[in-house]
Structures are given as structure tokens and as C-alpha cells.
Amino acid sequence: MSQENVDLARNAWTPDGFIALFDEFIVTDMRQHRVPGLRDIALGREQAVEAFHSYWRSWDDYEIDPVEFIDAGQSVVVIVRERGVGKGSGVPVERDHFQVWTFRRRKLVRWEAFATREAALEAAGLSE
């Protein structure tokens, strides 16, 4: 099952592909890596879609690329590189972002954002 989850995450790199993975009751949790203007926790597919669309609209020339996928059983730690220009500020940004995607029955039931690789690995039950 865990390789299947890695494959699901690896193949979800368009907005539509990512959102298609959302379970009806998905929980998105950004308490460990807060984004101004977005709620810390979104409950359910509708709130999650709204949160991600709001985030993506806040950028000009936005790109996000996967850097690494780490198998954590039911979860996958995903390290991504984001690049873009803040729509309101005009400030260019390039940074790595650390996520934990948790799957059940081939659907994404929990998505979490973290400020560090170490925090994401720990949340997924792994350590370096």
C-alpha cells in the first residue's frame, strides 16, 4: 500500500490532479506552517478547495515542483520547491516546503504543512 500512496502523490502535480485526490472529509492543517490570510485548519473538501485556490491566486508566476517523496506507510512526506511572485507585494519567493499527505482508500484524508523537514518527518513517524 505504501508504494501506491507514493505513486498517488507523485502523479498529483496539477491543481486538478491534486484536488481529485481529496476525500470528502479531508482535513488540511497549516498550524505548523501558517500562511497569512488562510485558515489554520480546513475541514472537508469544500473548505480545502477554497483554501488552496485562495493560496494559488495570491501568486503571479507560481510554480511548485516535487523534490522528494518519502514513504511513511499510510502517509507520504513530500518536499516541494515553490517559486513565485507575491501578487500584492511583487516580492519574488523561492523556498522549500514540507508536507505530509495521509491516504485512506486511495484518497487524501489529511494534508499537513510544516516549516522544516525534521518536523514533517517526525509527524509522519519517521526520523533522520
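We use all heavy atoms of the structure for the numbers below, so side chains are in, but hydrogens, waters and symmetry mates are not.
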- Query: Taking side chain as C-beta onward, heavy atoms only, is Trp13 less than 4.5 Å from Val80?
  - Reply: yes
- Glu94 atom CD, over 12 foreign heavy atoms within 6.0 Å: yes
- Query: Is a donor on one side and an acceptor on the other found under 3.5 Å between the side chain of Gln99 and the backbone of Ala113?
  - Reply: no
- Task: Answer whether the closest heavy-atom distance between the side chains of Trp56 and Ile64 falls below 4.5 Å.
- Result: no
- Taking atom CZ of Phe25 as the centre, report whether more than 12 heavy atoms of other residues, nucleotides or ligands fall under 6.0 Å from it. no
- Inspect the contact between Arg83 and Asp65 and indicate whether a charged nitrogen and a carboxylate oxygen are less than 4.0 angstrom apart. yes
- Message: Does Glu68, at its CD atom, have more than 12 non-hydrogen atoms belonging to other residues, nucleotides or ligands within less than 6.0 Å?
- Response: yes
- Message: If you define the side chain from C-beta out and look only at heavy atoms, does anything of Ile79 sit under 4.5 Å from Ile70?
- Response: yes
- Could you tell me whether the side chain of Arg31 and the main chain of Glu112 form a donor-acceptor pair under 3.5 Å? no
- Task: Without swapping roles, check the side chain of Asn5 against the backbone of Gly73 for a donor-acceptor pair under 3.5 Å.
- Result: yes
- Item | Side chains of Val77 and Val100 in contact at under 4.5 Å (non-hydrogen atoms) | yes
- Query: Is the distance between the ring centroids of Trp101 and Phe18 under 6.0 Å?
  - Reply: yes
- Given the rule in the side chain to side chain contact (heavy atoms under 4.5 Å, CB included) test, do Arg110 and Asp29 qualify, once you have shown the distances and angles that lead to the verdict? CA-CA 8 Å; Arg110 186 170 183 85; Asp29 185 342; 2.9 Å; yes
- Any donor-acceptor pair under 3.5 Å linking the side chain of Arg45 with the backbone of Phe22? yes
- Taking the side chain as every heavy atom from C-beta outward, state whether Ile19 and His53 have any pair of such atoms under 4.5 Å apart. yes
- Message: Please say yes or no: joined through hydrophobic side-chain contacts below 4.5 Å, possibly via intermediate residues, are Leu43 and Val49 part of one cluster?
- Response: no
- Message: Counting only heavy atoms from other residues, nucleotides and ligands, does the tally under 6.0 Å from CD of Glu122 exceed 12?
- Response: no
